[in-house]
Amino acid sequence: MKVLCVAEKNSISKSVSHTLGGGRVTTRNSSITFVKNYDFTFEFSNWGRCDVTMTCVAGHITGVDFPSDYRWGRCDPGALYHAPLQVQANGTNAQKIADNIKKEARNANYLMIWTDCDREGEYIGWEIVQEAAKGNRNFTVDTAFRAQFAHLERNHVLHAAHNPVRLDKNAIDAVRTRMEIDLITGSSFTRFLTGFMKNAIHYLKDGDIISYGGCQFPTLGFVVDRYKRTKRFVPEDFWHIDISIKKIGAGHSKKTDLVWERGRLFDKLAVLCLYQNCVNKDNDRARVQSLQTKPTSNWAPLPLTTVELQKDCSRFFRMSAKDALDAAEKLYQSGFVSYPRTETDSFPAAMDLKHFIQKQTPSDAWGQYANDLINVPGKFRQPRGGRHDDKAHPPIHPVAFTANLSNPTQAKVYEYIVRRFLACCSHDATGSQTTLKVKWGTESFFTSGLMVKELNYLEVYTYRHWSSSNREIPAVEPGEEVKISKAGIGSGKTAPPPKLTETELIALMDRNGIGTDATIAEHIEKIIARNYITKSKERGTTVLNPTSLGYGLVEGFSQIGFDSISLTKPFLRKKLEDKLKMICDGSATKPQVCQEILDMYREAFALANQNKRLILQCCEDAERNA
DNA sequence: GCAAGGTC
């Protein structure tokens, strides 16, 4: 018997082949350099010993598109809402990959899909079945087997090979629904906007595109939203009572500044009254309410996800999300780190983490730490686990050591991935927090100091700082009277919200379900390329601002006042995502969801058509006010 | 020429 296995990418195909083939694997090249065909034998519990060929795709093979009658310029953009759709290969490479599957399927008895175990993976599995069926009519979605695996640990992979299931048709439908909705809505609005705006706005050049996308617009919306809050901000005056105390009878002991428990008030008269009350009641004496020392800790980080990697590289190294992901991708292809696109923030219990720590011991910089982690009893700690699991990839971790990365960006990202990994296998930092609370008149004041005891993970995770405060807290007893050495009323103004950073934007997109780990960086780059936002350095930090075009579009779309949806807010994408989940669990169908979502868009499209003048006006106003 | 999602 012969089995054809197909994975989503070569790295999986290679790894699974070597696990199943027990080291006896022969490699054949295909017409695409990064797609190999691996031949070996394996004893399946269902089929006995079989000849196996394992190959791969490189993500999706096909995409949906409109037939030629509906290409740009050949029809009214509104006609796209009832256009037929066709499936076609994503270019010549995809066609070669498809042909390879067709050829390898010809004399196979069984087809086993080894794509990632997520929604897109189910759909890619369906695409693979379509290609295999062209070479072998026995293969259908109902006869294809599906290996279920979440990582590449040997026993887990063997279990997956022995216990295949079927492809999940609901998940396949859900992905197809997303594809069709994104294509129709994106293309209709993009053609519409580009069509009427390109001649009406003077700074647009021939070939400029005013695009709409279900992820692009909410991303732009976040940037505009923060910009508006910053612009509109009116500072407010506030006041607070400040006091300093001294232990009585301690000679030249230092004074200790305390913070008012109420923080600050926006009513000057009220603060004056409270202050006067205190002076009248207690004059220059206050009483210690409590002095407490509690153990505290600073938590080691969770295992690393893509979004965290991008946020941290942006924060620590001022790297763009795209540069960080590109560097991680290169490191992965070079075999230094694990797969860099993952949402999973806990390691599988069976994974041998010390094996990967061991690999880092040759390093001059962190080798000693890695060595201690393995050899000093009690140093290693099984990492805490987060609540995210994409069921497809483990957290990002180093798999091999290198000290020779000539590319500085890759070197930084590699070092970060290693330090983060060693840190999450370490104990939390510990310390103690002392808090002093004092009552003066009717008001309470406090201060606290930190004493760091053990750095633990912070020794290797040099990006985070946590140190003992040099504030001195006097040795006083509860109930003890202390002297007020200074008292007064301080004032200040509230500060505007800070400009949006890329780190914050990534976090907003992640929290609101805009894009995925692999695409968040692309959406940001896309709206920069479209001239909707700019990235600029202000006082040492990189911040994001809308252009007048981006601002005008968001303003125009929000002034149109769509009934049920806002195209510049994240809720519509969230709604689509919820509906896709319903398709997956069987509580909705593809036709229902397409109809419901596309009806909303059709309505929005009609309204936008009636309000071209308004959109242009908003863009002009934005330019004038810039 | 348009989207978003995979991956190289």
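Note on naming: letters A, B, ... go to the chains in the order of the sequence lines (proteins, then strands), and numbering restarts at 1 for each one. Side-chain atoms are counted along with the backbone in the values below, which use heavy atoms only and exclude waters and symmetry mates.
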Exercise for review: Identify whether any heavy atom of A/Glu522 sits under 4.0 Å from a base atom; if not, whether one sits that close to sugar-phosphate; answer base, sugar-phosphate or nothing.
Suggested key: base

**Study point:** Separation of B/dG5 P from A/Trp126 CH2 (nearest whole Å)
**Key:** 19 Å

Revision key, fill the gap. Looking only at B/dT7, B/dA4, B/dG6, the nucleotide nearest the A/His60 side chain is B/dG6

Point to revise | Pair A/Ser11-A/Tyr332, side-chain donor/acceptor within less than 3.5 Å | key: yes

Review point. A/Ile520 or A/Lys198: which one's nearest nucleotide on DNA chain B is closer to the 5' end?
Key: A/Lys198

Point to revise | Ring centers of A/His156, A/Phe149 separated by less than 6.0 Å | key: no

**Study point:** Selected nucleotide, minimal atom distance to A/Ala518 side chain, candidates B/dG6, B/dC2, B/dG5
**Key:** B/dG6

Check your understanding: Think A/Thr516 has a side-chain N or O under 4.0 angstrom from the OP1 or OP2 of B/dG6?
Key -> yes

Practice item. Measure from CG on A/Leu576 to P on B/dA3 and round the result to the nearest Å. Key: 16 Å

Review point. Of all the choices, B/dC8, B/dG5, B/dC2, which nucleotide is nearest to the side chain of A/Thr519 once you look at every atom?
Key: B/dG5

Review point. Taking for each residue the nucleotide of DNA chain B bearing the nearest heavy atom, is the 5' side occupied by A/Ile124 or by A/Thr194?
Key: A/Thr194

Exercise for review: State whether A/His523 places a side-chain N or O below 4.0 Å from either non-bridging phosphate oxygen (OP1 or OP2) of B/dG5.
Suggested key: yes

Exercise for review: For A/Arg178, report the nucleic acid contact type (base, sugar-phosphate, nothing); a contact means any heavy atom under 4.0 Å.
Suggested key: base

Review point. Can you check whether A/Arg573 has a side-chain N or O nearer than 4.0 Å to OP1 or OP2 of B/dG5?
Key: yes

Check your understanding: Parallel, tilted or perpendicular: which fits the ring planes of A/Phe189 and A/Phe557, with parallel below 30° and perpendicular above 60°?
Key -> tilted

Study note, to complete from the structure: In whole angstroms, the gap separating P of B/dA4 from CD1 of A/Ile209 amounts to 13 Å

Study note, to complete from the structure: To the nearest angstrom, the OH-C1' distance between A/Tyr123 and B/dG6 comes to 12 Å

Point to revise | For the student: nearest non-hydrogen atoms of A/Tyr123 and A/Ile172, plus distance | key: CD1-O, 3.4 Å

Check your understanding: What nucleotide among B/dG5, B/dC8, B/dG1 has an atom nearest to a side-chain atom of A/Lys9?
Key -> B/dC8

Exercise for review: Send over the distance from A/Leu580 CG to B/dA4 C1', rounded to a whole Å.
Suggested key: 12 Å

Review point. Base, sugar-phosphate, or nothing: which does A/Phe217 touch, judged by heavy atoms less than 4.0 Å apart?
Key: nothing

Exercise for review: Classify the nucleic acid contact of A/Gly59 as base, sugar-phosphate or nothing, counting any heavy atom under 4.0 Å across all strands shown.
Suggested key: base

**Study point:** Under 3.5 Å side-chain donor-acceptor pair for A/His202 and A/Glu623
**Key:** yes

Review point. Nearest to the side chain of A/Ser187 - B/dC8, B/dC2, B/dA4?
Key: B/dC2

Practice item. State whether A/Tyr339 places a side-chain N or O below 4.0 Å from either non-bridging phosphate oxygen (OP1 or OP2) of B/dT7. Key: yes

Check your understanding: Within less than 4.0 Å of OP1 or OP2 of B/dG6, is there a side-chain N or O belonging to A/Arg341?
Key -> no

Check your understanding: Does A/Arg530 put a side-chain nitrogen or oxygen below 4.0 Å from OP1 or OP2 of B/dA3?
Key -> yes

Exercise for review: From the options B/dC2, B/dT7, B/dG5, select the nucleotide whose nearest atom is closest to the side chain of A/Phe66.
Suggested key: B/dC2

**Study point:** Rounded distance in Å - CD (A/Glu120) to C1' (B/dA3)
**Key:** 13 Å

Review point. What's the CZ-C1' distance between A/Phe189 and B/dA4, to the nearest Å?
Key: 17 Å

Practice item. Quick one: label A/Asp326 by what it contacts on the DNA or RNA (base, sugar-phosphate, nothing), any heavy atom closer than 4.0 Å. Key: nothing

Exercise for review: Tell me which nucleotide among B/dC8, B/dT7, B/dG5 gets nearest to the side chain of A/Asp116.
Suggested key: B/dT7

Exercise for review: Answer with yes or no whether the side chains of A/His60 and A/Asn90 bring together a donor and an acceptor at under 3.5 Å.
Suggested key: no

Review point. Taking the six-membered ring for Trp, are A/Phe196 and A/Phe192 ring centroids under 6.0 Å apart?
Key: yes

Exercise for review: Would you classify A/Gly515 as touching base, sugar-phosphate or nothing, given that sugar-phosphate means primed atoms plus P, OP1 and OP2, and contacts are heavy atoms under 4.0 Å?
Suggested key: sugar-phosphate

**Study point:** Proximity to the side chain of A/Gln216 - top-ranked nucleotide from B/dC2, B/dG6, B/dA3
**Key:** B/dA3

Check your understanding: Does the side-chain ring of A/Tyr212 sit on the six-membered ring of the B/dA3 base, less than 5.5 Å centre to centre and under 30° in tilt?
Key -> no

Study note, to complete from the structure: Looking only at B/dA3, B/dG6, B/dA4, the nucleotide nearest the A/Ser211 side chain is B/dA3

Exercise for review: Take atom NZ of A/Lys36 and atom C1' of B/dC8, then tell me their distance rounded to the nearest Å.
Suggested key: 12 Å

Check your understanding: So, is A/Lys526 near the phosphate of B/dA3, with a side-chain N or O under 4.0 Å from OP1 or OP2?
Key -> yes

